[in-house]
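Scroll down for the structure; my scribbles are underneath it.
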Amino acid sequence: MQQAPVTTLAPPPSQPLDRQAAGERVVARLKGVIASNKMMTDPLMTYAWSGDASSYRLIPAAVVFINSEDDVRAVMTAARAERLPITFRAAGTSLSGQAVTDGVLAVLGDGWRKLSIHPGAEQITLGPAIIVAHANTALKPFNKKLGPDPASQATCKIGGVVNNNSSGMCCGVAYNTYHTMARLRIVLADGTMLDSGDAASCAAFRASHADLLAALAALHHEVMEDADLVALIRHKYRIKNTVGYSINALVDYHDPLDILIHLIVGSEGTLGFVSEVTYNTIPEHPHKATALVPFPDPYAAARAIIELSNGGVQTTTGVTAAEYIERRALATVEHLVPLAPLLPWLTESSPAVLIDVAAPTAEQLEEETARTVDILRRNGATHIDFSTDEARSHALWDVRKGFFTSGGAARPKGTSMLTEDVAAPIDRLAEFVIDMRDLLDRYGYEDAIIFGHALAGNLHFQMSDDFSDPKAADKFDLFNQELSQLVSVRYGGSLKAEHGTGRAIAPFVEAEWGSKAYALMYRIKELFDPEYLLNPGVLLNRDDKVHVKNLKVMPLADDLVDMCIECGFCEPACPSHQMTLSPRQRIAVTRERERLRRSGEDPARLKRLDDDFQYAGLDTCAACNLCSLRCPVGIETGTMIIGQRTERRGDFARSVAGFAARHTGGIEAAMRAGVGLADVAKSVVSAPLVETVTETARRISGNRIPRIYKALKPGPGAPKLPESRDDPKASGFPVPIALSGRQRVVYFPSCATRMFGAPETGHNLLAVPAAMLALLARAGFDVVMPDNLGGQCCGQPFQSKGFPEEAARVGGALNAQLATLSGNGAALVLTDASTCAKHLKDFPGAAPVLDSSEFLLREILPRLTITQKLPVVAVHHNCSAQRLKEQPATEAIARACADTIAVLSSVTCCGYAGDKGLFVPELNEHATRFAKQDIPADCTLGVSTVSTCASGLSEHAGVPFVGLASLLEYASRPLS
């Protein structure tokens with residue numbers, strides 16, 4: 001069979017292409033089609049988008065955000081004109097280097113977030129920017145889910161899942177995209193759209209692309225006439241396989257349209273752009289039992305897994321997952337709480353298998369679990385403890401899903417993490433594991449760990465190396481060559497089971513498939529994309545060393561983040577992601593700046609990166625550290641950014657901060673007066689005019705003058721307590737024993753609550769301090785507050801801005817007063833802002849401080865009678881409240897006050913970030929841009945546990961947001 005010639009967009013060597021200039025020309029061609037702030041060619045942003053979760057880095061010539069099929073066509077036209085290739089990028093969690101390019105990186109924007117559940121939830125239609133976990137959350141009420149379930153599903157997006165034919169822990173072979181896809185909508189390299197679920201679109205395509213369809217039909221017949229090739233294809237797809245194109249489509253289907261759309265699946269963006277997909281959903285049974293089961297050796301584990309695999313017939317009832325975890329992998333996580341019960345049963349060589357058993361009824365689950373236990377016992381399991389406790393199950397699976405990053409965090413600092421995923425026939429699993437371990441050890445990858453989806457014979461392994469050492473790439477090359485022989489030839493397995501071919505395996509596709517099938521794949525590429533416009537070099541590549549080129553180096557930059565592997569799991573939580581930089585990108589750019597600083601190789605580029613990082617890296621980081629909750633090793637990028645802010649503070653800034661710390665009372669009074677004056681101005685002059693004037697002033701001043709907006713209201717100031725005969729401040733005795741016999745509480749109204757008020761709601765709500773005092777009295781507490789509340793502050797605003805000394809001075813003074821009033825913690829201490837509570841817990845004094853959510857739920861709500869409820873209340877979980885794990889408490893209080901609650905699922909940190917809503921409002925606007933979609937039509941009120949967050953949400957969410965205490969006081973107010 002003749003091999004098709006390879007053409008590329010690259011110019012001949014005598015005419016080298018200036019990629020940077022070409023990228024700028026692409027952007028110029030797209031002017032007026034795509035917003036200018038959605039196209040980037042500067043050194044900072046192109047470097048920020050240069051890496052995915054793989055070990056490769058390529059700096060794009062241009063980064064362009066696309067939001068429609070017209071955008072896709074326009075980018076194709078512009079890139080083609082400038083001889084630059086295009087790579088489409090979804091979440092960038094790709095592990096084989098398929099989401100990076102030195103051409104045009106077309107990033108999915110907000111326009112691709114379609115999610116539509118069909119009647120009965122038997123199908124779901126999704127845009128390529130939908131995160132997999134979000135789709136499953138929407139399907140959960142129907143006891144349905146998507147078939148593909150990658151470990152990165154809380155981050156990865158549908159576009160990547162389709163293009164990599166991703167699978168996962170329970171997916172196996174039967175439930176991947178290829179087998180569960182009902183419909184696909186695509187844009188081909190020539191700009192043509194095909195919707196396989198639309199009869200008119202299909203008819204038009206059959207007419208306009210008859211030659212392409214005829215060529216695919218001819219390929220189908222050619223393959224079907226080759227019995228050896230058909231047998232090879234069927235053998236290769238009995239196990240997980242994402243090496244090369246999905247040429248099983250040429251065997252499984254006869255209609256060339258069906259062949260075409262199934263070839264797109266797993267094509268890694270090299271054949272077309274996927275703009276929409278409809279999945280057939282699969283059952284998500286409500287009854288489940290989970291156990292982490294140790295075995296004495298790999299052979300015992302393999303025997304059990306073979307028997308559990310049900311003869312290779314995959315179902316959604318019974319054993320749905322069996323994750324093999326070797327002993328060295330267990331060692332990296334055995335310090336975690338979920339692993340504690342297993343430790344007595346582990347020897348130096350014990351693997352363990354994480355098993356899920358599922359069923360539609362409790363009775364059937366009991367039967368299936370008993371059958372599973374019998375199999376495990378007969379095959380030598382040393383400890384079996386199945387549990388239906390959902391929290392325990394989630395904890396165990398979180399450990400398993402986090403191996404990619406927790407294993408990566410165990411590597412030496414400064415090294416890159418390498419990961420591969422392979423598959424072999426399940427009946428050879430034990431010897432496969434042993435041979436894999438031997439290969440890793442022989443090449444010096446002793447830190448490598450092995451784990452994987454055992455029911456599918458799929459093993460993952462990851463290790464580390466320092467690619468700043470040229471010998472490391474040579475060793476990795478030799479390792480990959482021997483790995484290819486071991487997996488593809490000796491075991492007849494798959495060199496990439498589910499992570500996609502990418503650059504990592506492209507040189508080994510021919511060894512895996514043989515020359516005949518390999519040539520067939522090149523013919524497919526030529527039919528769809530003869531110019532090699534779409535992601536060239538990925539999946540197919542003539543360069544036998546491409547897998548060891550453009551490897552990432554990981555220079556040490558900051559102890560706080562040096563263990564980051566740039567997986568991107570943090571990004572969905574970041575309020576500035578896709579506005580400026582994400583945590584992953586802040587770390588990557590910080591590493592590059594530090595590398596340049598040490599090497600001294602390009603001072604001009606370093607200065608540009610440093611200068612541009614001020615706004616994109618520092619000013620627009622909320623420093624909320626929600627990224628740490630998504631990171632399996634808890635990296636706090638926000639803390640790194642606060643440190644960099646501190647480093648950039650000059651003497652003048654420090655002197656201003658010192659003055660502010662000594663005059664917090666005056667600043668608070670001025671702030672309240674300023675907001676109050678602006679509020680009055682809005683009643684005299686039109687509010688839009690006031691907002692326009694102050695917004696203009698903010699921009700002209702370089703974000704030094706705060707803006708004014710309709711929802712911004714002056715706060716109530718410091719509340720006054722009713723006189724009490726046993727007030728320790730009056731008596732001089734800080735004794736927490738109330739003479740009245742009532743329990744005493746020390747209440748600190750936060751400075752944010754005192755300065756910022758809530759908008760009008762129509763419910764005659766009290767301001768938070770007044771509501772809190774009313775609730776405390778209603779519940780029978782005696783209340784004490786600090787003296788001279790004006791100016792009292794926990795120190796958090798100074799800390800977040802990079803002034804730790806001033807934060808300690810101001811916060812220390814407050815802590816001392818709270819300790820005195822509470823008798824060193826003998827009395828409860830309460831504050832009403834989650835940000836203050838979090839800071840006071842991080843920098844504690846002698847008196848522990850409770851936040852409003854936990855205090856109201858534990859101490860107040862049980863003593864109240866709810867007298868009136870709202871139909872529905874929207875709930876926002878502030879970033880500090882999330883880090884304090886207060887979501888259940890906040891939701892419990894909201895449920896007590898309303899018939900229904902609507903949690904803002906699209907908002908993580910709202911981006912107000914203290915005062916950034918006043919000075920950098922675009923961050924708050926970006927972070928809350930989907931909030932209105934989370935709020936039902938009959939909702940008239942929302943709650944947040946921080947007044948500044950409530951103010952920003954009131955502006956962007958469409959309903960007023962108030963404090964939790966204000967809502968609870970209203971709901972428990974005695975009716976006359």
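Remark: R113 is positioned above the aromatic ring of F930, its terminal NZ or CZ atom under 6.0 angstrom from the ring centre and at most 45 degrees off the axis.
A distance-only check finds a donor-acceptor pair linking the side chain of R586 to the backbone of L581 [under 3.5 Å]. Checking side-chain atoms of Q153 against main-chain N and O of V132 turns up no donor-acceptor pair under 3.5 Å. When atom types are taken as modelled, the side chain of R863 and the backbone of L775 share no donor-acceptor pair closer than 3.5 angstrom. Side chain of H839 to backbone of C794: a donor-acceptor contact under 3.5 angstrom is found. The closest donor-acceptor contact from the side chain of N924 to the backbone of C910 lies under 3.5 Å. Not one N or O on the side chain of S834 forms a donor-acceptor pair closer than 3.5 Å with the backbone of S880. Remark: the backbone N or O of E854 is not paired with any side-chain donor or acceptor of D851 at under 3.5 angstrom. Using a distance-only test at 3.5 Å, with no hydrogens or angles considered, a donor-acceptor pair links the side chain of N625 to the main chain of G638. At least one donor-acceptor pair under 3.5 Å links the side chain of W112 to the backbone N or O of I66.
Considering only heavy atoms from C-beta on, D110 comes within 4.5 Å of R929 through its side chain. Taking 4.5 Å as the limit, every side-chain heavy atom of F781 sits out of range of all side-chain heavy atoms of R744. Between E276 and P128, the closest side-chain pair of non-hydrogen atoms is not below 4.5 Å. Counting only heavy atoms from C-beta outward, the side chains of S582 and S576 never approach each other to under 4.5 Å. In this structure, V962 and L941 have side chains that are in contact, with non-hydrogen atoms separated by less than 4.5 Å. Side chains of K841 and P848 form no contact here, defined as non-hydrogen atoms less than 4.5 Å apart.
The pair D149-K145 does not meet the salt-bridge criterion, since no charged nitrogen lies less than 4.0 angstrom from a carboxylate oxygen. Taking a cutoff of 4.0 Å between a charged side-chain nitrogen and a carboxylate oxygen, K144 and E122 qualify as a salt bridge. By the 4.0 Å N-to-carboxylate-O rule, K157 lies too far from E571 to be salt-bridged with it. In this structure, E969 pairs ionically with R973, as a charged nitrogen and a carboxylate oxygen lie closer than 4.0 Å. Ion pairing of E886 with K838 is absent here, as no side-chain N (NZ or NE/NH1/NH2) approaches a carboxylate O to less than 4.0 Å.
Here OG1 of T580 is found 6.5 Å from OH of Y615. Values are rounded to the nearest 0.5 Å.
A side-chain donor from one of T125 and H118 sits under 3.5 Å from a side-chain acceptor of the other. Inspection of the S906 and D934 side chains reveals an N or O donor paired with an N or O acceptor under 3.5 Å. Side chain to side chain, T948 and S951 fail the donor-acceptor criterion of an N or O pair below 3.5 Å.
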Practice problem: Using the salt bridge (charged side-chain N to carboxylate O under 4.0 Å, His left out) rule, take K288 and E390 through it: C-alpha gap first, then chi angles, then the decisive distance, then the call. | Solution: CA-CA 8 Å; K288 188 179 296 182; E390 191 172 355; over 6 Å; no
Practice problem: Report the C-alpha separation of F748 and V849 in whole Å, then their side-chain angles, then the decisive distance to 0.1 Å, and conclude whether the side chain to side chain contact (heavy atoms under 4.5 Å, CB included) test is met. | Solution: CA-CA 9 Å; F748 170 60; V849 177; over 6 Å; no
Exercise. Applying side chain to side chain contact (heavy atoms under 4.5 Å, CB included), run through L953 and V959 and close with a yes or a no.
Key: CA-CA 8 Å; L953 289 163; V959 298; over 6 Å; no
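Nearest approach of P716 to T753, heavy atoms of both residues: CD-O, 3.2 Å. In terms of heavy atoms, T908 sits closest to C574 at OG1-N, 4.4 Å. A pairwise comparison of heavy atoms in C909 and L626 identifies N-CD1, 3.4 Å as the closest pair. The minimum heavy-atom distance between L864 and I860, with the atom names listed, is CG-O, 3.3 Å.
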Could you list the donor-acceptor pairs under 3.5 angstrom formed between side-chain atoms of residues 755-771 and any protein atom two or more places apart in sequence or on another chain?
unit_1: T761; atom_1: OG1; unit_2: H763; atom_2: N; d: 3.1

Listed pairs under 3.5 Å, donor-acceptor, residues 913-920 side chains, sequence neighbours left out:
unit_1: D915; atom_1: OD1; unit_2: K801; atom_2: NZ; d: 3.0
unit_1: D915; atom_1: OD2; unit_2: K801; atom_2: NZ; d: 3.0
unit_1: K916; atom_1: NZ; unit_2: D619; atom_2: O; d: 2.7

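If you look at F855 and Y747, their ring centroids are not closer than 6.0 Å.
Here D389 pairs with S387, A391, R392 under the side chain to side chain contact (heavy atoms under 4.5 Å, CB included) rule; sequence neighbours left out.
Looking at S853, P749, S947, S966 one by one, the single match for side chain to side chain contact (heavy atoms under 4.5 Å, CB included) with D832 turns out to be P749.
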